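As the structure lists them, so they are numbered: ligands from 1, and atoms in each ligand from 1. Being a predicted model, the structure only gives us computed values, none of them experimental.
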Amino acid sequence: MRRTVDWVDGAVVIIDQVALPGEYRVLELRTVDELVAAIQRLAVRGAPALGAAGALGVALAAFAGGSADAVRAQAERLAAARPTAVNLRWGVTRALGRLDEGAEAVLAEALVMLDEDEQLNRTASAHAAEVVLAETTRRPLRLLSHCNAGHLATVAWGTALGVVWHLQARGLVESVLVDETRPLLQGSRLTAWELAQAGVPYRVQPDSAAATAMARGLVDCVLVGADRIAANGDVANKIGTYPLAIAAAHHGVPFVVVAPESTVDTSIASGAAIEIEERRPEELTELGGVRLAPAGAAVFNPAFDVTPAALITAVVTENGVRAPQPTS
Ligand SMILES: CSC[C@H]1O[C@H](OP(=O)(O)O)[C@H](O)[C@@H]1O
């Protein structure tokens with residue numbers, strides 16, 4: 001499968017994740033405006049993929065010319081396009097750090113990030129696979145995923161789903177229960193698509209069925225990605241992750257978070273400081289243009305929630321299991 005986000009002939013090229021699973025479409029984005037719009041409508045999404053897209057977006061701005069201040073202003077637009085995943089601002093900042101050397105240097109830095117991402121994800125998910133095996137006894141494993149933390153959420157390979165690829169290669173996966181992940185359905189649309197492509201048995205379930213699946217003993221381990229990890233180990237991830245962790249703790253099911261170190265934000269002590277993106281009401285009140293709620297219905301639509309470190313079995317990065325820094 002091609003990279004989720006890449007640089008081809010002066011354009012940022014992405015797999016259009018809004019079109020999946022019905023259509024596999026590739027988009028060429030040649031301006032910062034086009035890239036910001038693609039980020040905000042989740043055509044490109046997932047923390048590591050956003051970091052790479054942000055860095056390549058700075059290259060678009062640098063090659064477009066204009067003053068350094070103009071490029072920095074465009075970079076800020078990219079970094080602010082979605083507030084919760086720390087990787088976006090991190091990727092923009094890293095690429096912008098080469099601006100004084102010129103546009104080619106900015107692009108070179110961004111391309112290094114893309115090359116690094118797949119390897120970091122393969123390493124982090126390999127570590128996490130060993131954690132899953134150590135925390136479980138039943139073989140083969142029945143796993144549960146939320147949202148999409150696979151190839152499509154990264155430049156390549158994936159984080160939480162990367163664990164599935166490693167375990168599947170060793171014949172250790174029986175099946176995956178895939179939370180559909182309302183309201184944008186990253187699970188039923190994207191994770192199910194990736195698992196089908198890989199030949200991994202799976203079933204899609206309502207997010208609200210996850211606790212029942214655990215109560216019935218159908219889940220050996222929960223695997224999720226992350227968008228921002230605080231110094232104390234609190235994790236911001238797709239809305240619905242927190243109740244999943246509560247259910248897992250109640251039923252004694254291991255709950256493992258997989259992410260690159262670039263998702264860790266040591267500048268914040270705990271999850272209380274993580275900005276949670278609020279998204280448009282229409283994501284809840286409509287589906288495919290069909291109205292699901294009365295006109296004018298008020299909506300609460302946070303795109304992420306925060307899972308306290310106490311509910312997490314392990315946060316695993318390319319460096320292994322992270323030891324949380326307890327808040328003073
Ligand atoms: C490997 S990061 C994936 C992470 O990002 C998703 O959010 P979104 O689809 O809104 O970009 C979700 O929180 C995933 O766990």
Side-chain angles (χ1 to χ4, degrees), residues 3-5 14-18 20 38-54 81-91 117-118 120-125 128 144-165 178-194 207 210 222-229 234-245 255-265 271 274-280 283-284 301-307 312 315-318:
R3 281 176 161 179
T4 299
V5 55
I14 65 171
I15 297 171
D16 183 353
Q17 300 188 39
V18 171
L20 287 172
I39 290 170
Q40 290 178 331
R41 68 186 185 91
L42 279 71
V44 56
R45 47 146 299 279
L50 290 174
R82 292 188 71 197
T84 304
V86 65
N87 305 62
L88 178 53
R89 186 168 289 277
W90 168 82
D117 187 68
E118 178 171 355
L120 293 176
N121 299 331
R122 285 178 179 270
T123 303
S125 52
L144 188 151
S145 74
H146 189 72
C147 197
N148 172 261
H151 179 100
L152 293 170
T154 62
V155 173
W157 190 254
T159 54
L161 275 195
V163 179
V164 175
W165 312 146
V178 177
D179 276 0
E180 61 176 347
T181 315
R182 287 272 303 155
L184 296 182
L185 307 176
Q186 289 92 324
S188 55
R189 293 188 305 110
L190 306 177
T191 295
W193 183 81
E194 289 196 44
D207 304 338
V222 177
L223 285 167
V224 298
D227 291 84
R228 193 181 295 242
I229 303 166
D234 293 348
V235 170
N237 196 53
K238 183 54 49 194
I239 191 74
T241 303
Y242 177 35
L244 204 53
F255 188 90
V256 177
V257 176
V258 191
E261 278 289 331
S262 55
T263 304
V264 178
D265 181 358
I274 297 175
E275 181 181 354
I276 299 300
E277 177 186 6
E278 293 272 348
R279 292 186 62 85
R280 299 181 314 120
E283 293 180 354
L284 280 164
N301 186 19
F304 301 95
D305 58 24
V306 175
T307 299
I312 299 170
V315 173
V316 188
T317 74
E318 61 272 23

At a non-hydrogen distance cut-off of under 4.0 Å, which region of [X] contacts ligand 1 (side chain, backbone, both, or neither)?
X	result
Leu50	neither
Gln186	side chain
Pro48	side chain

Top protein contact for [atom], by heavy-atom distance:
atom	answer
atom 4 (C) of ligand 1	Asp227 OD1, 3.5 Å
atom 1 (C) of ligand 1	Thr159 OG1, 3.3 Å
atom 6 (C) of ligand 1	Arg45 NH2, 3.6 Å
atom 12 (C) of ligand 1	Cys147 SG, 3.3 Å

Are [X] and ligand 1 in contact, using a heavy-atom cut-off of under 4.0 Å?
X	answer
Asn148	yes
Ala236	no
Leu42	yes

Open item on the list: Please determine whether salt bridge (charged side-chain N to carboxylate O under 4.0 Å, His left out) holds for the pair Asp207 and Arg182, giving the CA-CA distance in whole Å, both sets of side-chain angles, and the decisive distance to 0.1 Å.
Closed with: CA-CA 7 Å; Asp207 304 338; Arg182 287 272 303 155; over 6 Å; no
Open item on the list: Pairing donors with acceptors under 3.5 angstrom, does anything connect the side chains of Glu261 and Thr317?
Closed with: yes
Task: Reference residue Asn148; test side chain to side chain donor-acceptor pair (under 3.5 Å); the match among Arg189, Gln17, Glu194, Lys238 - done: Glu194
Task: Partners meeting side chain to side chain donor-acceptor pair (under 3.5 Å) with Asp179 (sequence neighbours left out) - done: His146, Gln205
- [ ] Using side chain to side chain donor-acceptor pair (under 3.5 Å) as the criterion, list what pairs up with Arg122, not counting sequence neighbours.
- [x] Glu118
Task: Presence of salt bridge, Asp16 and Arg41, under 4.0 angstrom - done: yes
- [ ] Would you indicate which of His146, Gln17, Arg82 comes nearest to atom 8 (P) of ligand 1 when only heavy atoms are counted?
- [x] Arg82
